Each structure stands twice: as structure tokens, then as C-alpha cells.
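One structure is given below, encoded as C-alpha cells.
In this text the structure is predicted, and so the values were computed from the model without any measurement.
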Number of protein chains: 2
Amino acid sequence: MPSPALIASSTSSPWEPAGKRAQQRELKRNAVLQAAAQLFNERGFHATSLDDIAERLNVSKPTVYYYVESKDQILLECVKIALDLMQAGIDEVRAAGGSAIDQLEACMRIYSSVVTQDFGMCVIRIGEDPLPDPLKKELRRLKAGIDGQFRRLIAEGVAEGSLAPCDPKMAAFMLAGALSWIGRWYRPDGDLTPTQIADQGIQLLLNGVLHRPAPTARRKSVARKPG
Amino acid sequence: MPSPALIASSTSSPWEPAGKRAQQRELKRNAVLQAAAQLFNERGFHATSLDDIAERLNVSKPTVYYYVESKDQILLECVKIALDLMQAGIDEVRAAGGSAIDQLEACMRIYSSVVTQDFGMCVIRIGEDPLPDPLKKELRRLKAGIDGQFRRLIAEGVAEGSLAPCDPKMAAFMLAGALSWIGRWYRPDGDLTPTQIADQGIQLLLNGVLHRPAPTARRKSVARKPG
């Protein structure tokens, strides 16, 4: 006698349940976006066609069109996914609380991590330039939200005394610039892993490039009397 | 009797001398490139047409075509002018010599200054993405030259003891990233002048964002005995 599990299986419809179908569709749609992001990052947005995307996935162009409307829409979604990911990470850090400097460092890590991923690289390498104005505006709004969080964290860091007095707007731009640039030069087959890049990059931004004989402010120094 | 100057003027050809004509052509060609760069930076490369460029200059599209071949060629030249300007500035600093840290700071100032100008902004806001592969390669070669100079200067700074030990490649990327980003967010009608931005930005990169009670390494500290 067949086991109950087999009976259940044999009497079920040859079509997947609606929930699973939606999940499958989402999975495939995501694969289309990811393949597109990789191609945009490798070849540039203009040099990439929907045919290229279909070819990379071993499917036909109509199959790609089943999941996405246009190259513009793909780019919009790739960039949105990355910015949403960044914002969600920052929100989580903010909710967990702690000192401003620790939160800032955690947010810098999130930023650095996202720009070394396919979708995040798209934000930096392609950006919103190819998109029509209303879509550009939407992406700029998301970016402004992230920038605002960095400014607030920097202002809080100055207030708590962990950061040197500065113009938070200016400092946020410099940090975001250096971290964003990682998405331009990072190569998955390069010498450094994303974590090593984040470690070294964040250290450089926090401490600066100048040599200082004294230990950094983040490390406790052991005072010694001369002699 | 007319003065010799007037006689000379009245007997000269109504056509400008060849040298002056070439100079005039160069001047007008440059005006076309500059107007194009401004429009690319304001609206994006794709949203800008040759008609828009002609309109901005109050001339016809055929007039624009007399000076340039295509939008691609305009972008290539805009980016090349900026990169050549940067390279020439760096060469001058290198030729003048001095400590590595002073040379690095001077080169950072040049970089920051170029990316707040129309052509330099184009390098950062538009980049080479819209261009065909051979042109992309040419621009990347120019960029790699500038990057190489920054790496060498940083390595020299570490060797002379003015910079903290670091991976010069990584540090050059972080500095160039933060400075490049200025070209993205700088607004000619904003709060800060390009000089103020360079001052504050370079200070942040040299000293880092962390608060340090001790004076910076670039300023001579007066040692005091306790008590």
C-alpha cells in the first residue's frame, strides 16, 4: 500500500499550487534581473541588449519579455533592489542602536557590501542617466534618503565626541563617494575580497591617510611614563 | 592724413589671416563642446540631443555639425580634455618636486578642481559607458595613468613616513573615489565654492573623520611636560 505521502503526491494537480507558481515566477524574474545587472556591469548598459540577457540565461527573448517590460525597467529595478537593500540594512542598524560611531561604521560596511554585489554595482556603474526623468527622480529620492541617514549619523558622532567637528553634509558625501567608488573598481576575481576591501577602506576613511605616531582614537592607548 | 594704423587696417583683406581663422574655429569648437558638457551634466547624455546643443548656442544643427561629428565624439572629447587637464596638472606637480605628501595634496587639489568644471563633471556623471569599445579603452588608459600617479605618490608618502602604511592601490582608489564623487554632487549654485570643497574634502581624507584630541601630524605640536 502506498504511503500517505505518495498518495497525496499522485492525486495532486500536475500544476504547481498558485503560491508556488508565484514563487517560481519571482525566482525566474530575479534571475533575469541578475543576469542583466551582470551584463550591464561587464559591458555597459548601452552595449547590452535583451538578446544578450536571453542568451546568458539560455532562453528566448520572448521568455525574457514575459518577466520584464524593457531594458529601462530592468535597470530601474536593479537599482531599486540595491537601494532598498541598503536602506533596509541602515534601518536595522539604527533600530539596534548603540554609539553613533559604531552605527556609522556598520552602515559603511553595508554600503560597501552592497556596491560589490551585482545590483549595487549597477547603481554606481550605470546609475540613472539612461532612464527617463520620472524614474530618475524616484531613484534620486531613494538615494537622498540614504544620504540623509549618513548625515544624521555623522552629526550624532560629532555630538557624542567620536567624530571630529565637520560639516556632516560634506563628510557624508566624502564617505559615500569613496565607498561608492568601490563599485567601480571592484573585480570579483581581484586580489581583495569584499570584506578585506571594507576593512581597509573604512579604516582609511575613519583614520585618514596621514601617518600618526599616536594610536588611533578607536584603540585604547597604554600611557607610559618616559624613562 | 590717416594714421598708419588706419591705413594698415583699410588695406588688409576682409578675410581674417589663416592663423586667426584657425584660432576662431578652435574657439567656436570649444564653445560647442562646453555647451554640450553642460547639457550632459544637467540632463544626462541620453536626454541631450544635438538640437539641444545648437539651441543653447543659438545656432543651427548644421553649424554644430561643422565643428563636431557626433554626440559620441563630443563626449569623447569632453572627457579627454578633462583627463588631459588632470594629467598635465599632475605632471607639473611632479616636475616641481617636493615632499610626497605635499605633492599628493597638490594633486588632490587638481583632481577636485577638474571635477567641478564642466568637462571634468562629464567624466564623473557620464563617463565612458555610452561610447563604443575602442573609445572606452582609450579613456580607461588615460584614467589608469592618473591612477598610477596617485599610487606612486602614496607609496612615496609611506616611504617618507608622512603617510600611514597602507596598500597604495586601495588608498588611491579611496581618495580618487571621494574626490570623483564631488563631480556628482557639486552644484555651481550650492553653498560651497570649489575651493572650500577642496579644502574640507582633502582635510577629511588626510585626517579621517574620527575625533582625535592630539594635533594632526601636519601641524607641529608643542610638547609639554605634565605638571
Report task. To the nearest 0.5 Å, tell me how far A/Gln38 CD sits from A/Thr48 OG1. Result ->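 Those atoms lie 11.0 Å apart.
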Query raised in the report: Between A/Lys71 and A/Phe45, is NZ or CZ placed under 6.0 angstrom from the six-membered ring centre and within 45° of the ring axis?
Result: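 Yes - A/Lys71 lies over the ring of A/Phe45, closer than 6.0 Å to its centre and within 45° of its axis.
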Is there any residue in [range] with a non-hydrogen atom under 4.5 Å from a non-hydrogen atom of chain B, and which ones are they?
range	answer
residues 131-138 of chain A	A/Lys136
residues 74-88 of chain A	none
residues 141-158 of chain A	A/Lys143

Query raised in the report: More than 12 non-hydrogen atoms from neighbouring residues, nucleotides or ligands closer than 6.0 Å to CD on B/Gln73, yes or no?
Result: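 Yes, because the 6.0 Å sphere around CD of B/Gln73 holds more than 12 heavy atoms from other groups.
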Query raised in the report: More than 12 heavy atoms of other residues, nucleotides or ligands under 6.0 Å from CD of A/Glu42: is that the case?
Result: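 Count over threshold, so yes.
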Query raised in the report: Is there a donor in the side chain of A/Arg212 and an acceptor in the side chain of B/Asn207, or the other way round, less than 3.5 Å apart?
Result: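 Note: A/Arg212 and B/Asn207 side chains meet the donor-acceptor criterion.
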Query raised in the report: Are B/Gln117 and B/Ser113 linked by a side-chain donor-acceptor pair shorter than 3.5 Å?
Result: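 Side chains of B/Gln117 and B/Ser113: pair found under 3.5 Å.
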**Report entry** Side chain to side chain, B/Asp52 and B/Arg43, heavy atoms closer than 4.5 Å
**Finding:**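 In contact.
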Query raised in the report: Between B/Glu92 and B/Ile110, does a side chain to side chain contact (heavy atoms under 4.5 Å, CB included) hold up when you go through it step by step?
Result: CA-CA 11 Å; B/Glu92 211 174 300; B/Ile110 288 162; over 6 Å; no
Examine distances only and state if a side-chain atom of [X] and a backbone atom of [Y] form a donor-acceptor pair shorter than 3.5 Å.
X	Y	answer
B/Asn41	B/Ala37	yes
A/Gln200	B/Asp167	no
A/Gln196	A/Thr193	yes

Report task. Anything in residues 181-188 of chain B with a heavy-atom distance to chain A below 4.5 Å? Please list those residues in order. Result ->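 If one takes a 4.5 Å heavy-atom cut-off, the residues of residues 181-188 of chain B near chain A are B/Trp181, B/Ile182, B/Arg184, B/Trp185.
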Report task. Please report the C-alpha distance between B/Leu104 and B/Leu163 in whole Å, then the side-chain angles of each, then the deciding distance to 0.1 Å, and finally whether the side chain to side chain contact (heavy atoms under 4.5 Å, CB included) criterion is met. Result -> CA-CA 10 Å; B/Leu104 178 66; B/Leu163 300 188; 3.9 Å; yes
Query raised in the report: With respect to chain B, which residue among A/Gly161, A/Gly127, A/Pro165, A/Ser180 yields the maximal number of heavy-atom pairs within a distance under 4.5 Å?
Result: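 Counting heavy-atom pairs under 4.5 Å, the top option is A/Ser180.
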